[in-house]
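Chain naming here is simple, since letters A, B, ... match the order of the sequence lines and numbering starts at 1 in each.
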Number of protein chains: 2
Amino acid sequence: MARAASSARPTRNQRAKTEAILEAALDVFSTQGFRGATLDAIAEAAGLSKPNLLYYFASKEEVYTRLLDRLLEAWLEPLRRLDAAGEPLAEIRAYIRRKLEMARDYPRESRLFANEVLQGAPRIRETLAGPLRALVDEKAALIRDWSRAGRIARVDPHHLIFSIWAVTQHYADFDAQVRAVLGRDDPARFQDAERFLVHLYTGGLAPTPLAGD
Amino acid sequence: MARAASSARPTRNQRAKTEAILEAALDVFSTQGFRGATLDAIAEAAGLSKPNLLYYFASKEEVYTRLLDRLLEAWLEPLRRLDAAGEPLAEIRAYIRRKLEMARDYPRESRLFANEVLQGAPRIRETLAGPLRALVDEKAALIRDWSRAGRIARVDPHHLIFSIWAVTQHYADFDAQVRAVLGRDDPARFQDAERFLVHLYTGGLAPTPLAGD
DNA sequence: GTCGACTTTGACCGTTCGGTCATAAAGCAC
DNA sequence: GTGCTTTATGACCGAACGGTCAAAGTCGAC
């Protein structure tokens, strides 16, 4: 029989094929969503027939969840690297840069995630409420400590994190809008965004609130 | 014959029915996307049969585009109200508040828009590159003038606008994630978000950059 | 060459999709 | 009531969907 998700060590060729399928599926799922995507479209993009695709994956659902699992693993990494030993403002700036790089280099992954959450996150709710929440709470506590120590302004740590997610992923998820507004293709948009965001957060989180106004 | 989008003045009953359909369609399209939504689902949610729905709308496409047209009209309004005569920082804060209110009161509309843009904005690309871009450019010029006059910090006006869109719509589009991270239902999340964002932008855009650091 | 495991495919199945149509109610003017 | 328009529906259509299956092709081990 075939490889019913049990073969201990997949062949080099098996790896290559499943990789091609996941690559194609990322294209399709990230723009069409789960329901909007079709196995035919994925198979064609991967360069094989639909039954052949189903030889490597049991179902459409399995392709999708495999993609999500991978994604979530990598998704938390930038926040995880927020270092308690570092200088607070520099740490936050570095976090913004990492997230912005991910939006630039992995926009399809960002859109896949956005699609899933937009639909109410039916397949990843447990992950969000479990590991993600735990990580966010941990880092929020760290930020709160920085606040209380007067090393950054006193702000709500959770909403600070949300805002960084929002402004960085925006450049991947709303790429079509950004392009339309800035003109067909502004190659400097990520650089300009980084400069703006670093300024915004540096000023907005500075430990000494300004006197005037 | 029926009302082939020609009847000059629709009956009260016609208005009510089309309204019920659009209301139901907003529910379904905003969570499932265009391809994921089905006419059966919309018809059932609206409380009528599929053929009856198609008596009021010519096609699935027409329901969707009608919804989008409405949305886009209202979508630009908050930015349009950014007033050149006002005090710059107060104007930007007011803009943030208006956008946050829209995310709170019209989350489905925000998600519908997000879905469309995620898919590459195939149906609203012209609107984005036309009226939206024109409005953004106009307001960006205003903000740039404020910058040059030293009334706010020198920042990229386009990316400032993008960031406000991102952080406000995030609370509608990623509601499932926000809820999961904050705990089942945090009724104060919009208040807390507003406080944080006002602080962030007030500090980040303050005309006098801080001396230290 | 031949054997067996792995891989690929065309044909097919049941379901669901968007949409049509003939027909039947329902409402209303007279 | 009669007649006309508006509204509603069950039955149906062709296409596309996710998925199955038997059969054929491919490949290395011996």
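Within residues 19-50 of chain B, the residues having any heavy atom closer than 4.0 Å to DNA chain D are, in order of number, B:R35, B:S49.
Atoms CD (A:E62) and C1' (D:dG18) sit 14 Å apart, rounded to a whole Å. In this structure, B:L53 places its CG atom 11 Å from C1' of C:dG18, rounding to the nearest Å. The distance between atom CG of A:N13 and atom P of C:dT7, rounded to the nearest whole Å, is 7 Å. The distance between atom OH of B:Y56 and atom P of D:dT6, rounded to the nearest whole Å, is 11 Å. The nearest whole Å value for the distance from the CZ atom in B:R15 to the P atom in D:dT7 is 14 Å.
Using a 3.5 Å distance cut-off with no hydrogens or angles, the side chains of A:R123 and A:T65 do not pair a donor with an acceptor.
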| Per-nucleotide protein contact string for nucleotides 21-30 of chain D, where B marks a base within reach and S marks sugar-phosphate only (heavy atoms under 4.0 Å, - for neither) | B---------
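Closest approach to the A:S59 side chain among C:dG19, D:dG19, D:dT7 is made by D:dG19 (side chain taken as heavy atoms from C-beta onward). Listed nucleotides: C:dG19, D:dG19, D:dT9. Nearest to the side chain of A:L54: D:dG19.
Legend: side-chain hydrogen bond (donor to acceptor under 3.5 Å, both in side chains) pairs involving residues 21-32 of chain A, not counting sequence neighbours, sorted by first then second residue: A:E23-A:R108, A:D27-A:R108. Sorted by first and then second residue, the pairs that involve residues 25-46 of chain B and meet ring pair (Phe, Tyr, Trp, His ring centres under 6.0 Å), not counting sequence neighbours, are B:F29-B:F34, B:F29-B:Y64, B:F34-B:Y64. Within the structure, ring pair (Phe, Tyr, Trp, His ring centres under 6.0 Å) contacts touching residues 96-139 of chain B (residues at least two apart or in different chains) are B:W75-B:F113.
Dashed line: the shortest gap from a side-chain N or O of B:Y55 to OP1 or OP2 of D:dA8 is not under 4.0 Å. Considering only side-chain N and O atoms, B:N52 lies under 4.0 angstrom from the phosphate OP1 or OP2 of D:dT9.
For the salt bridge (Lys or Arg N to Asp or Glu O under 4.0 Å) test, residues two or more places apart in sequence or in another chain that qualify with B:R97 are B:E194. Applying the salt bridge (Lys or Arg N to Asp or Glu O under 4.0 Å) criterion to A:R81, with sequence neighbours excluded, gives no partner residue. The side chain to side chain contact (heavy atoms under 4.5 Å, CB included) test applied to B:D83 returns B:A85, B:E91, not counting sequence neighbours. Under the ring pair (Phe, Tyr, Trp, His ring centres under 6.0 Å) criterion, A:F162 pairs with A:H159, A:W165, sequence neighbours left out. The salt bridge (Lys or Arg N to Asp or Glu O under 4.0 Å) check on B:E73 picks up nothing, with sequence neighbours excluded.
For the pair A:R195 and B:D156, the salt-bridge criterion is not met [side-chain N within less than 4.0 Å of a carboxylate O].
Axis angle across the helix from C:dG1-D:dC30 to C:dC30-D:dG1, with five pairs used at each end and values rounded to 10°: 0°.
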Please list every donor-acceptor pair under 3.5 Å in which a side-chain atom of residues 35-45 of chain B meets a protein atom from a residue at least two apart or in another chain.
unit_1: B:R35; atom_1: NH1; unit_2: A:G36; atom_2: O; d: 3.1
unit_1: B:T38; atom_1: OG1; unit_2: B:A41; atom_2: N; d: 3.0

